[in-house]
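Heavy atoms only: backbone and side chains are in, while hydrogens, waters and symmetry mates are out. We're numbering straight along the sequence, starting at 1.
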Amino acid sequence: MHVRRGDPAVQDQKLNSLSKLNCITACIQAAQAGADEGLMLDPHGFVATCNSTHFFIVRKGEVWTSSGKYCLGGVTRAVTLEVAREAGIRRSRRISPSPTSMVRTRPS
């Protein structure tokens with residue numbers, strides 16, 4: 001994906017606004033790449049969200065998701081984190097996953 005979530009000084013991604021051009025552009029790029037969703041990075045290169053959904057990974061007893069600083073909070077995100085907590089799955093201490101931290105390499 002070449003489209004990133006912008007800095008809150010430009011467009012606050014926590015606000016639900018009609019200006020979704022970056023999400024639409026990311027959706028088009030994802031479709032052209034044969035994907036249903038595209039991972040959108042924050043201005044620092046960490047995963048912020050997807051172009052139309054939230055992003056979660058459960059790995060080694062932790063749920064990885066963004067810090068929430070560059071995405072709309074929403075009910076789905078809050079409930080997912082609550083259900084994970086109640087199931088004993090703790091939220092990662094990572095600020096946010098980076099694309100390289102999600103890559104699983106196979107031994108050669």
Side-chain angles (χ1 to χ4, degrees):
M1 301 289 315
H2 301 288
V3 180
R4 291 188 181 210
R5 288 289 188 158
D7 187 272
V10 176
Q11 179 188 17
D12 191 345
Q13 301 299 326
K14 292 191 274 181
L15 298 176
N16 195 8
S17 70
L18 295 176
S19 180
K20 300 290 185 189
L21 181 59
N22 61 345
C23 295
I24 293 166
T25 303
C27 182
I28 292 168
Q29 288 180 2
Q32 289 172 341
D36 295 323
E37 285 282 329
L39 288 178
M40 296 191 69
L41 306 181
D42 68 19
H44 309 288
F46 293 99
V47 175
T49 189
C50 293
N51 56 279
S52 67
T53 61
H54 288 289
F55 181 76
F56 299 92
I57 294 175
V58 177
R59 184 175 181 186
K60 297 181 182 179
E62 291 184 329
V63 62
W64 293 10
T65 189
S66 70
S67 65
K69 185 175 179 181
Y70 298 98
C71 67
L72 186 63
V75 174
T76 302
R77 179 181 168 82
V79 170
T80 301
L81 292 172
E82 180 182 337
V83 168
R85 186 182 72 248
E86 289 172 357
I89 302 170
R90 61 189 170 115
R91 184 168 176 189
S92 174
R93 293 183 191 173
R94 297 174 186 267
I95 295 173
S96 187
S98 68
T100 55
S101 70
M102 296 182 290
V103 175
R104 183 176 181 186
T105 57
R106 293 184 178 160
S108 45

Handout entry: Contacts of Thr76 that satisfy side-chain contact (heavy atoms from CB on, under 4.5 Å) - sequence neighbours left out
Key = Thr80

Exercise for the section: Starting from Val58, walk the hydrophobic network (Ile, Leu, Val, Met, Phe, Trp, Tyr; side-chain heavy atoms closer than 4.5 Å) and list everyone else you reach, by chain and number. Expected result: Phe56, Val63, Leu81, Ile89

Exercise for the section: Write down the atom of Gly38, the atom of Asn51, and the distance for their closest heavy-atom approach. Expected result: N-OD1, 2.6 Å

Fill in the blank from the handout: Nearest heavy-atom approach of Ser66 to Arg91 is O-NH2, 2.6 Å

Handout entry: Shortest non-hydrogen separation from Asp42 to Tyr70 and the atoms involved
Key = CB-CD1, 3.4 Å

Handout entry: Separation of Arg77 CZ from Thr49 OG1 (nearest 0.5 Å)
Key = 8.0 Å

Exercise for the section: Heavy atoms only: give me the nearest Leu39-Cys50 pair and the separation to one decimal. Expected result: CD2-SG, 3.9 Å

Practice task
Could you tell me whether the side chain of Glu37 and the main chain of Ala30 form a donor-acceptor pair under 3.5 Å?
Solution key: no

Problem - Residues in side-chain contact (heavy atoms from CB on, under 4.5 Å) contact with Val75, at least two apart in sequence or another chain - result: Val79

Exercise for the section: Answer with yes or no whether the hydrophobic clustering places Ile57 together with Val47; edges join I, L, V, M, F, W, Y residues whose side-chain heavy atoms lie under 4.5 Å apart. Expected result: yes

Exercise for the section: Supply the atom-to-atom distance Cys23 SG to Ile28 CD1, rounded to the nearest 0.5 angstrom. Expected result: 11.5 Å

Problem - NZ-SG distance between Lys69 and Cys71, expressed to the nearest 0.5 angstrom - result: 12.0 Å

